[in-house]
Amino acid sequence: MKHQFVLDANWYGGRNSEGTIESGNLKTAISIPQPMGGPGTGTNPDEMLLGAAATCYIITLAAMLERSSITVAQLTMKSEGIVDVTNNIFTYEQIIHRPEIVLHTESADQVEKATVLAHKAEQSCMISRAIAGNVTITTQPLISIAD
């Protein structure tokens, strides 16, 4: 079985112009971010790559935790993308995921299993596999117990 995703894009000018993209439920303005010399309107490829990687990872992690019968009180995450600019060449170097998993029960076994799954989810995520070898992806999970 194959799934197909289609995106329509429009660009209205030169490098520092703006455009739009639309794909399924995604509809947004796009441009080059201000720190990279653009207008900073809407989103940009850097944020979208980070968003794709983070979304894929957290959904994969949630599914793995559920399949392992680990009851989660809260699952949140901060992700960071690092882009290097050397000699005017932009290179997306690294993505760091920092998931925070709050468990309902205090069990050393559940904490250990959640930690293992937090790292394993990165290897199972479709987006992570797609960019493997080009972008370094690390996971720094924080596991705690609900009060």
Side-chain angles (χ1 to χ4, degrees), residues 1-7 9 15-16 18-147:
M1 173 183 264
K2 295 188 183 214
H3 299 277
Q4 182 179 14
F5 299 91
V6 177
L7 182 137
R15 179 193 184 278
N16 287 324
E18 301 169 3
T20 60
I21 58 170
E22 187 170 347
S23 179
N25 291 322
L26 174 65
K27 183 175 184 177
T28 188
I30 57 171
S31 73
I32 295 173
Q34 282 183 328
M36 294 179 174
T41 304
T43 191
N44 58 69
D46 309 283
E47 292 172 344
M48 290 177 54
L49 181 60
L50 180 60
T55 303
C56 183
Y57 173 81
I58 201 163
I59 291 170
T60 301
L61 176 57
M64 294 174 89
L65 291 165
E66 181 179 280
R67 281 193 300 269
S68 296
S69 300
I70 296 176
T71 307
V72 176
Q74 186 174 352
L75 176 58
T76 60
M77 184 172 72
K78 294 226 185 287
S79 292
E80 178 182 357
I82 299 173
V83 176
D84 176 66
V85 182
T86 302
N87 297 326
N88 232 9
I89 298 172
F90 294 76
T91 304
Y92 214 116
E93 285 188 335
Q94 184 177 15
I95 293 174
I96 305 163
H97 296 307
R98 294 181 180 95
E100 294 186 29
I101 305 167
V102 180
L103 303 176
H104 275 297
T105 57
E106 188 168 347
S107 157
D109 180 53
Q110 295 250 323
V111 170
E112 182 180 334
K113 191 183 283 188
T115 303
V116 168
L117 292 175
H119 290 288
K120 189 174 181 183
E122 190 53 58
Q123 300 158 5
S124 302
C125 168
M126 172 181 68
I127 301 299
S128 299
R129 290 193 322 267
I131 61 177
N134 294 307
V135 178
T136 301
I137 302 175
T138 58
T139 305
Q140 300 171 355
L142 175 64
I143 316 292
S144 62
I145 309 303
D147 294 333

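Predicted model, so just to flag it, every value in this text is computed and none were measured. Counting begins at 1 with the first residue of the sequence.
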Student: Drop me the distance from M64's CE to I59's CD1, to the nearest 0.5 angstrom.
Tutor: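 The CE atom of M64 sits 14.0 Å away from the CD1 atom of I59.
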Student: With sequence neighbours left out, which residue pairs that include part of residues 87-99 fulfil the salt bridge (charged side-chain N to carboxylate O under 4.0 Å, His left out) condition?
Tutor: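 Every salt bridge (charged side-chain N to carboxylate O under 4.0 Å, His left out) pair that includes a residue of residues 87-99, provided the two are not neighbours, is E80-R98.
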Student: Passes side-chain contact (heavy atoms from CB on, under 4.5 Å), I101 versus L117? Steps please.
Tutor: CA-CA 11 Å; I101 305 167; L117 292 175; over 6 Å; no
Student: Between Q110 and T105, what is the shortest heavy-atom contact and its length?
Tutor: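 Closest approach of Q110 to T105: OE1-OG1, 4.1 Å.
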Student: Which atom pair, heavy atoms only, marks the closest approach of I137 to I131?
Tutor: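 Answer, listing the atom of I137 first, then I131: CD1-CD1, 3.6 Å.
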Student: Minimum heavy-atom separation for H97 and S79, please, with both atom names.
Tutor: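 H97 and S79 have their closest heavy atoms at ND1-OG, 2.6 Å.
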Student: Looking at OH of Y92 and CG of D84, how far apart are the two atoms once the value is rounded to the nearest 0.5 Å?
Tutor: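 So the gap between those two atoms works out to 13.0 Å.
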Student: side-chain contact (heavy atoms from CB on, under 4.5 Å) between T136 and I82: does it pass, once the steps are laid out?
Tutor: CA-CA 10 Å; T136 301; I82 299 173; over 6 Å; no
Student: For S31 versus G40, what's the shortest heavy-atom pair and its separation?
Tutor: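 That closest heavy-atom pairing would be OG-N, 3.3 Å.
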Student: Rounded to the nearest 0.5 Å, what's the gap from OG1 on T71 to CD on E66? Could you check?
Tutor: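 Output value for this atom pair is 9.5 Å.
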Student: Under the side-chain contact (heavy atoms from CB on, under 4.5 Å) criterion, do I95 and Y57 qualify, and how do the steps go?
Tutor: CA-CA 11 Å; I95 293 174; Y57 173 81; over 6 Å; no
Student: When you look at CE of M126, are more than 12 heavy atoms from neighbouring residues, nucleotides or ligands closer to it than 6.0 Å?
Tutor: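 No - once you tally the heavy atoms of other residues, nucleotides and ligands closer than 6.0 Å, there are 12 at most.
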Student: Please report the closest heavy-atom contact between L61 and P99, naming both atoms and the distance.
Tutor: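 In terms of heavy atoms, the two residues are closest at CD2-CB, 4.1 Å.
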Student: Around E112, counting heavy atoms of other residues, nucleotides and ligands shown, do more than 12 lie under 6.0 Å from its CD?
Tutor: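 Check fails, neighbour count at 12 or below.
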Student: Considering only heavy atoms from C-beta outward, does the side chain of M48 approach that of I21 to under 4.5 Å?
Tutor: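 Result yes, sub-4.5 Å side-chain heavy-atom pair found.
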Student: Output yes when a side-chain donor or acceptor of T43 lies under 3.5 Å from a complementary backbone atom of I30, and no otherwise.
Tutor: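 Judged by distance alone, no pair lies under 3.5 Å.
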Student: Just how far is it from atom NE2 of H104 to atom CD of Q74, taken to the nearest 0.5 Å?
Tutor: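 One finds 10.0 Å between NE2 of H104 and CD of Q74.
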Student: For D109 and S107, which I'm curious about, is there any donor-acceptor pair between the side chains at under 3.5 Å?
Tutor: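 Checked: D109/S107 side chains show no N/O donor-acceptor pair below 3.5 Å.
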Student: Got a second to check how far L103's CG is from S144's OG, nearest 0.5 Å?
Tutor: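 Atom-to-atom, L103:CG and S144:OG are 7.0 Å apart.
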Student: Mind listing the closest non-hydrogen atom pair of N44 and P33 along with its distance?
Tutor: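 The answer is ND2-CB, 3.5 Å.
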Student: Which distance, rounded to the nearest 0.5 Å, do you find between the CD1 of I32 and the CD of E18?
Tutor: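 Rounded to the nearest 0.5 Å, the CD1-CD separation comes to 11.0 Å.
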Student: Going through the distances and angles, do T91 and T86 end up as a side-chain contact (heavy atoms from CB on, under 4.5 Å)?
Tutor: CA-CA 8 Å; T91 304; T86 302; over 6 Å; no
